[in-house]
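The chain is numbered in sequence order, starting from 1.
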Amino acid sequence: MADARVTLRGLQQMKQQGRKIVGVVAWDYQMARIVDRVGVELVSVGDTVGVNLWGHANPFEVTMDQMITVTQAVRRGVTRALVSADFPFGPLQQGSGSAVRAAIRFVKEAGVDMVKLDAASDYLDGVEAVTRAGVPVFAQFGITPQTALRYGVEYKAIPSAADQVPVELTDDLVAEAKRLESAGAALLNFTNSGPVVGAAVAAAVSIPVLGGFGGGPWLDGRMRMAHAAIGYAASALDDPPDSYANVAKITLEAMTAYADDVRGARQLPGGIPVPPSS
């Protein structure tokens, strides 16, 4: 049924049946309600909120408390899809005990269905510990802030789709994916996989492999920031985005019309009627 709650078992079945999994990154209640109504399978609350909504230079500045607050808002807007939340930089790097405590906070305080761990293959003990604690893990690997230099890529806030992991690392990345699966990961997020390495990894593991930039139909599904998909960023005003809409332009036009009405002493749409002049 279209309105049935999504489960991890259901995602496994989608992979086996060759049905693509739709994932989005959302950071607020209203967007969460909209994408859940679309029928996506996964809503991921990314620490990219720090760069894209709060103006930070990089996601490392985002704190655990901030991620809890953002995730609570998204959770309130989602009734059908699975909800995942990113660990901010710190809890995973500080050891397995810290990772488990962070995962439990996300479950108890924000109601997540799983947690996403960046550079997860560098912290297999953390993946295993969180999984043992009963919290499913969405393991991210490939070109991430923590691993970009390893792959010879200069990581930016939003990496280019052209920054694919080198094809000659196919065997290494397949082995990396298998280690994450063995450690208990329920899903993989392979960033900037490319068609060669991505296809090899997706075929080598039994768990679903999703991807964003640098991904494609060779994976089991895709992740996309909702704001990027609709072109909702100030940069879209001057540089039309490769997206499904340009909400930034629509917003500019709407807010300009609002300002014009106020300055022209006209009533706003939805306002009470203005008494006629005597």
Return yes if some donor-acceptor pair links the side-chain N/O of R80 with the main-chain N/O of V40 below 3.5 Å, else return no.
yes
CG (L268) with more than 12 external heavy atoms under 6.0 Å:
yes
Any chain of hydrophobic side-chain contacts (each under 4.5 Å) joining M31 to W54?
yes
Looking at D28 and A73, would you say the former's side chain and the latter's main chain have a donor-acceptor pair under 3.5 Å?
no
Short side-chain to backbone donor-acceptor contact, R224 and A229, under 3.5 Å
no
First locate atom CG of N246, then atom CG of L237, and finally report the distance between them rounded to the nearest 0.5 Å.
7.0 Å
Begin from the C-alpha positions of L187 and L42 and carry the test side-chain contact (heavy atoms from CB on, under 4.5 Å) through to its verdict.
CA-CA 11 Å; L187 297 176; L42 175 65; 4.2 Å; yes
Taking the side chain as every heavy atom from C-beta outward, state whether D113 and P136 have any pair of such atoms under 4.5 Å apart.
no
Nearest 0.5 Å, please: how far is CZ in F87 from CD in Q140?
13.0 Å
Linking I/L/V/M/F/W/Y whenever their side-chain heavy atoms sit closer than 4.5 Å, directly or via other members, would V83 and M14 fall into one cluster?
yes
Can you check side-chain contact (heavy atoms from CB on, under 4.5 Å) on L82 and L8, steps first, answer last?
CA-CA 8 Å; L82 291 170; L8 285 172; 4.0 Å; yes
D261 versus P269: any side-chain heavy-atom pair under 4.5 Å?
yes
Apart from V167 itself, what residues make up its hydrophobic cluster, given side-chain heavy atom links below 4.5 Å?
V196
Shared hydrophobic cluster, L252 / I230 (ILVMFWY, side-chain heavy atoms < 4.5 Å)
no
Side-chain contact, heavy-atom cut-off 4.5 Å: V135 with F106?
no
Is any side-chain heavy atom of D118 closer than 4.5 Å to a side-chain heavy atom of D47?
no
Between atom CE of M64 and atom CE of M67, what is the distance when rounded to the nearest 0.5 Å?
8.0 Å
Got a second to check how far F190's CZ is from M223's CE, nearest 0.5 Å?
15.5 Å
Should the heavy atoms of other residues, nucleotides or ligands under 6.0 Å from CZ of R37 be counted, would the total exceed 12?
no
Gap separating the CD atom of E41 from the CZ atom of R19, nearest 0.5 angstrom
7.5 Å
Pairs touching residues 81-91 that satisfy side-chain hydrogen bond (donor to acceptor under 3.5 Å, both in side chains), sequence neighbours left out:
D86-K116
Do you know which two heavy atoms are closest between L124 and S121, and how far apart they sit?
CG-O, 3.6 Å
What pairs of residues pass the side-chain hydrogen bond (donor to acceptor under 3.5 Å, both in side chains) test when at least one of them lies in residues 7-16, not counting sequence neighbours?
K15-D220
Under the ring pair (Phe, Tyr, Trp, His ring centres under 6.0 Å) rule, what pairs show up with a residue in residues 228-266, not counting sequence neighbours?
H227-Y232
Is any side-chain heavy atom of L117 less than 4.5 Å from a side-chain heavy atom of Y123?
no
If hydrophobic residues (ILVMFWY) are linked whenever their side-chain heavy atoms come closer than 4.5 Å, directly or via other members, who joins I34 in its cluster?
none
Backbone N/O of G211 and side chain of R222: donor-acceptor pair under 3.5 Å
yes
Using only atom types and a distance under 3.5 Å, with no angle test, would you say the side chain of R105 pairs donor to acceptor with the backbone of D65?
no
In residues 201-210, what donor-acceptor pairs under 3.5 Å come from side-chain atoms, sequence neighbours left out?
{"unit_1": "S206", "atom_1": "OG", "unit_2": "E181", "atom_2": "OE2", "d": "2.3"}

Closest heavy-atom pair, A226 versus V35, reported as atoms and distance to 0.1 Å, is CB-CG1, 4.4 Å
Apply side-chain contact (heavy atoms from CB on, under 4.5 Å) to V197 and Q164, showing your working.
CA-CA 9 Å; V197 188; Q164 299 174 17; over 6 Å; no
Could you see if L188 belongs to whatever hydrophobic cluster contains L169? Use Ile, Leu, Val, Met, Phe, Trp, Tyr and a side-chain cutoff under 4.5 Å.
yes
Under a single-linkage definition using a 4.5 Å side-chain heavy-atom cutoff for Ile, Leu, Val, Met, Phe, Trp and Tyr, are I250 and M255 assigned to the same hydrophobic cluster?
no
Is D125 paired with R132 through a side-chain N to carboxylate O contact shorter than 4.0 Å?
no
Given 3.5 Å as the limit, does a donor-acceptor pair link the side chain of E128 with the main chain of A183, or not?
no
Do other residues, nucleotides or ligands put more than 12 heavy atoms under 6.0 Å from D242 CG?
no
Other residues, nucleotides, ligands: >12 heavy atoms within 6.0 Å of K249 NZ:
no
If you take all heavy atoms of V78 and A32, which pair is closest and at what distance?
CG2-CB, 3.8 Å
Measuring from T79:OG1 to R33:CZ, what's the distance to the nearest 0.5 Å?
9.5 Å
Nearest heavy atoms of A85 and V112, plus distance in Å
CB-CG1, 3.8 Å
Could you tell me if the side chain of W27 sits less than 4.5 Å from the side chain of M225, heavy atoms only?
yes
Between V62 and H56, which heavy-atom pair has the shortest distance, and what is it?
CG2-CD2, 4.3 Å
Polar side-chain atom of Q93 near backbone of G90 as donor-acceptor pair, under 3.5 Å:
yes
Surrounding CG of D172 (heavy atoms of other residues, nucleotides or ligands, distance under 6.0 Å), is the total greater than 12?
yes
Minimal heavy-atom distance between V127 and A185, with the atoms involved, is CG1-N, 4.1 Å
Full working for side-chain contact (heavy atoms from CB on, under 4.5 Å) between F141 and L180
CA-CA 9 Å; F141 75 113; L180 287 167; 3.9 Å; yes
